[in-house]
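In this text the structure is predicted, and so the values were computed from the model without any measurement.
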Amino acid sequence: MNSIGQDLVSWSKTGLIAYGDSKSPEGNLCITFLETINGTNWRFHPVQRYIIHPQLHENGAVNGLGSNSGHTSGNGVRHGSVSGQTPSLTSGGNSDKHSHGFFYNVSSVHWNNWFSLPGDMLAVCDELGNMTMLISGQSPEGPSTIEKLTMLFQDNVYKIHNQLVPLRPTTVMTTTPSSTSSSSLGKMERKQTKKEYHTTILNFHWLSSSKPVICSQFCVFDVSSNTHRNKAQQIPPFGVFHPPFMKYACMAVRKNGQIDFWYQFSNSKDHKKITLQLQNSQNQRTKELDWLKCAKITPINDDQCMLISTYSKYFKRLSFYKLHINWNVNATTPTTLNDPSLKISHILDVVPDALDDEGRVLELAHLHVLSKSSVEKNPYPEILLVYNVFGTKNSLLKRFRLVQTQLGPDFVNILKSASFSSDSGSSTNQPLRSKHFSLLQTGSITFPNRVISMTSEMLDGLASFYFQDGSIVTYNQNDWKPESERLQNQSKQGKFRDMITSVLSAGLQFPKVPPSAAIEWLRISPSMGGVIVKLAKKNNPRFYAIQDKDYNDVNSDASNATTLAFGFVASTHRQLSSEDLSIACKTHVVRLTQLDEERARNFITTLISCIYSFFNVTPDAPKEIMDKMISSRPIQKTMLLQLELGCTFTKSNVYEMARVIMSLRNVLFAFNGVSRNLHFAVEQLSNSSLQQSNSKAFQTSFSKQDLVHSLIPIAKWFVKFVTYLIQEVILLINDPQDKSNTLVLGVFGARMPRTLILSILNEIKKVTQIVTKFPETSYPVLNESSKFLKMVLGESPVNFEKFETFLVDVNNKFSAFNEQQPSTLREPSLLVKAEIPSDVHKMGDFLLAYSNNAVISHVNATSVYFTDTSELRISHGEFFNPQLLKLLQPIDEGLVVDTDELPDDLKSSRSFCQVKFDTISFDHFTPEELSDGKLKRCCRCGCVTRAGYIISPNKTIVPTSIQTKRWPTMYTRICICSGFLYELND
């Protein structure tokens with residue numbers, strides 16, 4: 001009954017991919033992620049392998065790490081009891097007995113992706129039943145880049161070990177046999193076993209927090225307004241969800257019917273466990289024989305309850321249990337935290353069918369349970385049973401609802417005629433629920449091919465079936481029809497039509513993957529942008545993006561753009577990194593580009609326009625709303641998508657417009673953050689100037705002036721960028737037909753970049769006023785940073801005051817024009833393509849003429865024109881290796897390239913990028929910075945930075961041992977584009 005690769009891979013919301021490796025001597029756990037190579041092609045980052053072994057908790061004990069200084073030994077686990085309280089401390093010097101240890105195959109991995117959870121914790125289960133809990137992006141010293149893993153605790157079935165252990169990728173020992181690797185505890189050897197263990201974990205489930213989530217349900221085309229309308233709904237948590245005083249909670253079912261429940265209080269470093277047993281009534285003999293073949297944990301709508309579904313290998317029956325968790329909240333003294341209590345109730349036993357309607361023998365192959373949220377019409381969980389039909393290649397799906405038996409009033413009156421009141425009113429017409437459950441069959445489907453695996457996501461409302469021949473079909477749980485046929489089978493009548501419920505609704509579909517015999521594991525990606533597959537004969541995973549049936553059909557562009565936009569918005573609501581969907585969009589755009597480049601640009605514009613519409617915002621929103629949009633994560637991710645799609649073209653403003661807005665947003669956050677911190681520093685100095693010692697006073701003054709110093713590189717960039725815009729205006733005035741210098745029309749014409757520039761100019765004035773009003777007089781050498789910043793801003797060849805007046809006037813005139821002639825196409829065209837639509841071509845003439853009168857007439861045009869504005873870092877050619885600026889393989893092979901197929905000198909992540917400058921701080925790297933191993937790269941936009949690392953002494957005002965925090969620290973883990981940063985170790 002085990003599905004192919006079932007739970008062997010888990011793709012986190014953050015983008016990290018974890019999977020088990022059953023062959024390599026270097027480890028049994030692999031961590032990778034998708035990273036961009038050149039803006040168009042991607043690859044799976046070279047796999048980092050880890051040895052997850054039962055003695056992993058002793059690594060920290062030997063090294064003196066973690067919350068406890070020595071080796072920790074958990075308490076024995078008893079039925080219904082709590083284990084894992086503060087472990088006893090023993091000597092950490094017993095590592096010699098582990099000079100040769102064993103590690104086992106990983107049986108399942110599980111990121112905490114469920115519902116509102118952030119996807120940063122990973123449960124790793126091996127075939128013996130050991131469970132190791134890891135966290136990404138955290139180390140004993142504090143936050144780290146996301147790909148770094150730290151062990152939080154380890155449960156060796158009967159003992160739980162609270163030990164913080166930072167993990168490092170393993171290296172192969174060349175002097176040892178091929179099946180061993182090095183470890184801090186000695187040689188580690190993989191132990192292959194064919195034996196079954198009664199403690200093996202069959203199913204693992206994370207419990208959500210008490211936060212609700214937003215779910216995109218569907219979008220429809222409104223004929224009256226000629227636009228698509230998106231329906232999003234907030235879904236409250238259901239089933240079992242932990243209260244705020246818990247950091248996390250999760251649970252698992254083992255093969256012997258044991259339930260383990262792990263949790264941690266918010267104010268505690270200890271991780272605890274409660275254990276229960278499903279089969280309490282069995283005698284010893286049947287208990288030893290009755291190992292479960294499979295188990296499923298499913299949230300249900302009963303308050304703080306989970307459904308546990310099992311299939312018994314011995315009794316050949318399905319059993320259903322309800323698990324209730326009481327968090328034991330103390331209402332009188334909320335600060336008193338009590339351990340939760342668990343109660344298990346057996347609710348139903350069912351024997352699966354042995355024959356189909358035609359008398360053929362059936363074998364139960366898969367059990368799957370679909371969770372239903374409280375907002376659905378029918379909240380009862382849906383049970384899916386997939387049978388293999390003997391004598392054929394078919395699979396038979398039978399669908400059931402697990403429902404409570406309804407008791408009619410007449411039946412209740414017979415049983416309780418004496419107590420049933422005649423004045424009970426409407427209650428006599430309402431059926432009553434009994435405590436008994438039953439399976440109600442709701443339908444069946446016969447598949448012409450064998451099902452090898454099935455998956456579902458509650459928020460998608462979809463169920464996907466993987467077949468033996470490599471095909472994948474996704475069904476909508478509402479009507480159980482293929483999702484890729486939804487749009488073509490709908491009626492074109494009525495006010496609302498063309499309902500879209502997923503990224504597949506318009507006809508995009510999963511490609512056929514290799515047959516199951518060649519596959520170790522496979523899984524649909526989180527945003528449903530494709531399928532990740534690990535082939536048995538390949539070292540690296542492969543990614544197959546969803547695809548259209550016919551790319552020559554121009555009429556399908558609008559519907560495809562709409563469905564991709566709907567999928568993007570849905571994944572953003574769910575806090576997914578969505579690189580899989582970005583690759584799917586990019587694949588589609590590349591195929592269109594090969595047919596017609598202008599068609600591809602229009603497709604991107606339609607796609608981005610739909611995204612704004614589905615987020616219920618407009619690109620020409622008033623300033624109050626625009627300010628909120630600029631700082632919002634949805635708009636940040638939308639700009640990233642535009643950036644990624646814009647790399648498709650050799651010469652286009654699509655990429656440049658997105659990069660400009662990202663850079664301007666970064667400049668605004670930098671000046672705004674420094675402005676606020678300067679206010680605080682000035683107040684601190686004035687309030688404590690008399691009490692501080694000389695060393696403390698110098699440190700405070702240095703920190704204040706270092707804030708100013710950190711703005712100098714980004715101020716230089718802004719001055720250069722404004723100069724570049726006026727240079728383009730001069731070129732267009734002299735040659736209005738020049739199409740190679742139209743970026744300025746998008747920057748001046750679209751409201752978002754105008755608003756950003758105006759906000760930056762306002763923040764510059766605030767900073768300038770502070771450093772002028774409060775100069776550093778106690779330590780005059782420190783005041784040089786203020787003088788230099790004012791000099792950089794003052795030497796701008798463009799007058800900032802005139803430039804600001806010009807933008808304010810343009811804002812007012814365009815706002816009035818939009819009110820007189822509203823258009824949903826004008827702003828997206830400016831924001832995406834930097835093109836002025838032909839029906840309002842006079843807007844371009846106005847911008848050029850007015851900028852000539854309001855700005856250029858007040859500057860030395862010759863000086864502006866010949867100012868060096870190179871290295872602005874707004875074109876994708878400035879970020880990636882020139883050797884890689886091409887499509888690296890035919891599009892039919894996909895955009896994700898196998899690292900093994902790259903040339904040897906172009907296999908490292910560092911070889912992909914131009915490492916000249918820091919994209920976040922806008923500072924140039926020194927030779928020392930390039931060689932000290934403290935560089936990070938963004939997996940999405942490809943930028944390189946040192947954000948979050950200690951500032952080099954040669955880049956401070958004066959050399960000092962003081963370590964200060966600068967504004968780029970906010971980007972320690974996440975790039976300005978919203979992609980995550982990883983260390984450039986190579």
Side-chain angles (χ1 to χ4, degrees), residues 227 604-643 646 653-669 672 718 721-722 725-726 728-729 742-763 803-837 839-851 854-855 874:
T227 57
I604 296 174
T605 306
T606 304
L607 171 63
I608 300 298
S609 178
C610 286
I611 290 173
Y612 284 117
S613 174
F614 292 162
F615 279 133
N616 293 320
V617 295
T618 56
D620 60 344
K623 185 181 184 306
E624 302 76 30
I625 299 176
M626 183 61 70
D627 288 341
K628 294 179 181 179
M629 287 172 56
I630 288 169
S631 60
S632 72
R633 184 170 176 82
I635 302 305
Q636 182 187 25
K637 289 182 70 67
T638 304
M639 279 300 149
L640 172 59
L641 179 64
Q642 179 177 329
L643 184 92
N653 289 325
V654 177
Y655 179 95
E656 283 79 358
M657 280 299 296
R659 179 58 77 179
V660 162
I661 289 173
M662 282 184 188
S663 300
L664 290 174
R665 187 176 181 269
N666 187 30
V667 175
L668 175 60
F669 287 175
N672 178 264
F718 183 70
F721 175 68
V722 172
L725 292 178
I726 303 305
E728 282 212 334
V729 171
T742 60
L743 180 68
V744 65
L745 298 179
V747 175
F748 287 170
R751 179 180 283 272
M752 191 178 293
R754 285 201 312 268
T755 303
L756 278 166
I757 294 173
L758 285 170
S759 299
I760 291 168
L761 293 172
N762 186 45
E763 293 297 333
F803 185 58
E804 182 179 17
T805 303
F806 159 73
L807 289 178
V808 170
D809 290 346
V810 170
N811 248 351
N812 295 334
K813 293 182 184 297
F814 279 15
S815 296
F817 179 72
N818 287 336
E819 289 179 4
Q820 296 170 2
Q821 299 183 33
S823 172
T824 58
L825 303 177
R826 185 183 309 133
E827 199 70 19
S829 178
L830 288 164
L831 191 59
V832 177
K833 298 187 292 184
E835 291 181 4
I836 295 175
D839 59 329
V840 287
H841 65 275
K842 292 185 178 180
M843 285 178 61
D845 300 336
F846 163 75
L847 285 173
L848 295 179
Y850 191 54
S851 58
V855 182
I874 58 175

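- Residues Asp627 and Ser759 meet the side-chain proximity criterion, which asks for heavy atoms closer than 4.5 Å.
- Side chains of Phe846 and Val840 form no contact here, defined as non-hydrogen atoms less than 4.5 Å apart.
- Counting heavy atoms from C-beta on, the side chains of Asn811 and Lys623 never come closer than 4.5 Å.
- Contact annotation: the side chain of Leu758 approaches that of Glu804 to within less than 4.5 Å [non-hydrogen atoms, C-beta and beyond].
- The two atoms that bring Pro634 and Phe615 nearest to each other are CB-CZ, 3.6 Å, heavy atoms only.
- Taking 4.5 Å as the limit, every side-chain heavy atom of Tyr850 sits out of range of all side-chain heavy atoms of Val729.
- The two residues Phe803 and Val855 have their closest heavy-atom pair at CA-CG2, 4.2 Å.
- When all heavy atoms of Ser632 and Met629 are compared, the pair lying nearest together is OG-O, 2.8 Å.
- Under the 3.5 Å distance criterion, the side-chain polar atoms of Arg751 are matched with a main-chain donor or acceptor of Ala621.
- Heavy atoms only, all atoms of each residue included: Arg754 and Val810 are closest at CD-CG1, 3.7 Å.
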Any chance you could lay out the side-chain contact (heavy atoms from CB on, under 4.5 Å) test for Arg826 and Asn818, step after step, and finish with the verdict?
CA-CA 9 Å; Arg826 185 183 309 133; Asn818 287 336; 2.6 Å; yes
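- A distance of 12.0 Å separates CD of Gln642 from CZ of Arg659, quoted to the nearest 0.5 Å.
- Summarising the geometry, atom CD belonging to Glu827 is positioned 12.5 Å from atom OG1 belonging to Thr605; distances are rounded to the nearest 0.5 Å.
- One finds the OG atom of Ser631 at 10.0 Å from the CD atom of Gln636 (value rounded to the nearest 0.5 Å).
- Distance check, rounded to the nearest 0.5 Å: NZ of Lys833 to CG of Leu745 gives 13.5 Å.
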Please test Leu664 against Ile757 for side-chain contact (heavy atoms from CB on, under 4.5 Å), starting from the C-alpha separation and ending with a verdict.
CA-CA 7 Å; Leu664 290 174; Ile757 294 173; 3.9 Å; yes
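- Residues Leu756 and Val660 have side chains not in contact (no heavy-atom distance under 4.5 Å, counting atoms from C-beta outward).
- A distance of 10.5 Å separates CD1 in Ile611 from NZ in Lys637, rounded to the nearest 0.5 Å.
- Rounded to the nearest 0.5 angstrom, Thr638 OG1 and Ile635 CD1 are separated by 5.0 Å.
- Heavy-atom minimum distance, Leu743 versus Glu728: N-OE1, 3.3 Å.
- By the 30° and 60° cut-offs, the orientation of the rings of Phe748 relative to Phe806 is perpendicular.
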Evaluation steps, side-chain contact (heavy atoms from CB on, under 4.5 Å), between Asp839 and Leu825:
CA-CA 11 Å; Asp839 59 329; Leu825 303 177; over 6 Å; no
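- Looking at heavy atoms from C-beta onward, Thr742 lies out of side-chain contact with Glu835 at the 4.5 angstrom threshold.
- For Leu668 against Glu763, the heavy-atom pair with the smallest separation is CD1-CG, 3.8 Å.
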Dump the intermediate steps for side-chain contact (heavy atoms from CB on, under 4.5 Å) on Met657 and Val747, then the final yes or no.
CA-CA 7 Å; Met657 280 299 296; Val747 175; 4.2 Å; yes
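- At a threshold of 4.5 Å between non-hydrogen side-chain atoms, the residues Leu831 and Pro753 count as touching.
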